[in-house]
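Both backbone and side-chain heavy atoms feed into the values below; hydrogens, waters and symmetry mates do not. To find a chain, count down the sequence lines: A is the first, B the second, and so on, and within it residues start at 1.
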2 protein chains.
Amino acid sequence: MSVGHTGITTGPVVSCEEHVDCGIRDVLDRIGDKWSVLVVVELAQGMRRFRGLQRAVPGISQRMLTLTVRRLERDGLLTRTVHPTVPPQVEYELTPMGHSLTHLVRALADWSLEHRDAIASARQEWDGANPGSGIR
Amino acid sequence: MSVGHTGITTGPVVSCEEHVDCGIRDVLDRIGDKWSVLVVVELAQGMRRFRGLQRAVPGISQRMLTLTVRRLERDGLLTRTVHPTVPPQVEYELTPMGHSLTHLVRALADWSLEHRDAIASARQEWDGANPGSGIR
DNA sequence: CTGGATCCTGTTTGATACTG
DNA sequence: CAGTATCAAACAGGATCCAG
């Protein structure tokens, strides 16, 4: 560490002016995939079981739901509680860190809603000006 | 999912009353890819040319930079200005909407920095408890 | 019910070579 | 400098079958 600007050694508040990558990639690799955000949003409303999650997130396959919750569990964003009953019962619930992530997701949703129209028209205009460009 | 079923509507934790997907997918498809955020962060500091961008985003290939800026241009997040000189000069600059996106990116970076340690240790712990699971 | 294991497909990305 | 074109590798995701 060579930055001694404020004399603080371990607690840099945010400064994206120095490095392009401020660790954003870590978050995006986590929530940027196809299903994680949807699962987190559903779990924001309370504990869910496997089937409940799958029903709540239409279109997700068994395989992808398993992979998604495993990754979220690995990152400490949710807990997985197995009840050794028959048939088996597994409960998924957000951790405090998982709940804090929902605030970020909220910000994402807000920005999305605020600009979706502008983006849609920008796309339409661009596609009109650049026919057959292959960009999507 | 939200209406007509058993009333577990435990309050407005997240205001996604109608759909689990509030349009978040639109944003994530846009900025969730490997390079867009890095390009946007670099452009947040001002106008850049093609080579400048490529130098500022280490590891990006010519091809991916081209694709990335084209998509961002299509979505109205940046402008591409061609100067018919020799050699050619192309300037990229964020639009107002692109700048507003940087605020969201900042929120992402904030959350990331705030929780990166907790996530790292959670991963380490999980990996220790689940050897050879193949999850990453 | 909760997954693990396999196979298969489309998309994304990187490397390389070439152009105006 | 600023791309385009092409090929191949890597990966994510879906479908299906099977097990505890």
Side-chain angles (χ1 to χ4, degrees), chain A residues 21 25 28-39 42-43 47-75 78-93 126 129-136, chain B residues 21 25 28-39 42-43 47-75 78-93 126 129-136:
Chain A
D21 185 347
R25 271 260 55 84
L28 287 177
D29 287 341
R30 206 156 286 126
I31 68 171
D33 70 303
K34 198 172 180 180
W35 303 108
S36 293
V37 165
L38 300 178
V39 170
E42 176 63 22
L43 284 178
M47 184 262 293
R48 294 287 187 273
R49 290 172 49 192
F50 191 87
R51 282 300 290 172
L53 273 179
Q54 193 171 17
R55 265 182 267 108
V57 183
I60 194 171
S61 65
Q62 246 175 10
R63 175 181 134 86
M64 287 319 294
L65 181 54
T66 300
L67 284 177
T68 301
V69 292
R70 280 294 187 287
R71 288 195 269 243
L72 291 173
E73 186 200 4
R74 183 169 103 105
D75 290 342
L78 60 77
T79 58
R80 177 172 173 269
T81 309
V82 181
H83 293 93
T85 62
V86 68
Q89 237 178 279
V90 181
E91 296 175 346
Y92 296 93
E93 192 165 20
W126 195 93
N130 304 66
S133 65
I135 303 289
R136 274 132 206 143
Chain B
D21 185 347
R25 272 260 56 83
L28 286 178
D29 287 341
R30 206 156 286 125
I31 68 170
D33 70 303
K34 198 172 180 180
W35 304 108
S36 293
V37 165
L38 300 179
V39 170
E42 176 62 22
L43 285 177
M47 182 261 291
R48 293 287 186 273
R49 290 171 50 191
F50 191 86
R51 282 298 290 173
L53 274 180
Q54 193 171 14
R55 265 181 267 109
V57 183
I60 194 171
S61 65
Q62 236 174 16
R63 177 182 135 83
M64 287 317 295
L65 181 54
T66 300
L67 285 176
T68 302
V69 292
R70 280 293 189 287
R71 287 194 269 242
L72 292 172
E73 185 198 6
R74 183 170 104 105
D75 289 341
L78 59 78
T79 58
R80 177 173 174 269
T81 309
V82 181
H83 293 92
T85 61
V86 152
Q89 239 177 271
V90 181
E91 295 176 347
Y92 295 93
E93 193 166 20
W126 196 93
N130 304 66
S133 66
I135 303 290
R136 27 183 179 99

D33(B) and R25(A) have their tightest heavy-atom pair at O-NH1, 3.2 Å
If I take atom CG from residue D75(B) and atom CG from residue D29(B), how far apart are they, to the nearest 0.5 angstrom? 10.0 Å
Name the nucleic acid region contacted by R136(A), choosing base, sugar-phosphate or nothing; use a 4.0 angstrom heavy-atom cut-off, strictly under. nothing
Between atom CE in M64(B) and atom P in dT11(C), what is the gap in whole Å? 15 Å
Is there a donor and acceptor pair closer than 3.5 Å between the side chain of R49(A) and the base of dT2(C)? no
In terms of side-chain heavy atoms of R70(B), which of dT4(D), dG14(C), dG14(D) is nearest? dT4(D)
Looking at dG13(D), does its base get a donor-acceptor pair with the side chain of R63(A) below 3.5 Å? yes
Which heavy atom of R30(A) sits nearest a heavy atom of S36(A), and at what distance? O-OG, 3.3 Å
Taking CG from L28(A) and C1' from dA12(D), how many angstroms apart are they, rounded to a whole number? 17 Å
N or O in side chain of R80(A) less than 4.0 angstrom from dT2(C) OP1/OP2: no
Looking at the side chain of R71(B), which of dT13(C), dG3(D), dG14(C) is the nearest nucleotide? dT13(C)
Gap between atoms CD1 and P, on I60(B) and dA15(C) respectively (whole Å): 12 Å
Result for 5'-nearest mapping on DNA chain C, choosing between V69(A) and P88(B), is V69(A)
Flag side-chain contact, heavy atom, 4.5 Å: L53(B) against L65(B): yes
Whole angstrom value for the distance that separates C1' of dC1(C) from CD of Q62(A): 9 Å
How many Å lie between CZ on R51(B) and P on dC1(D), as a whole number? 5 Å
Atom pair distance, as rounded to whole Å: CG in D29(B) and P in dG13(D): 11 Å
Please confirm whether the shortest side-chain N or O distance from Y92(B) to OP1 or OP2 of dC1(D) is below 4.0 Å. no
Approximate separation, where rounding is to 0.5 Å, of E73(A) CD and T68(A) OG1: 12.5 Å
Between C1' of dG3(C) and CD of E91(A), the distance in whole Å: 16 Å
Whole angstrom value for the distance that separates P of dA19(D) from CZ of F50(A): 18 Å
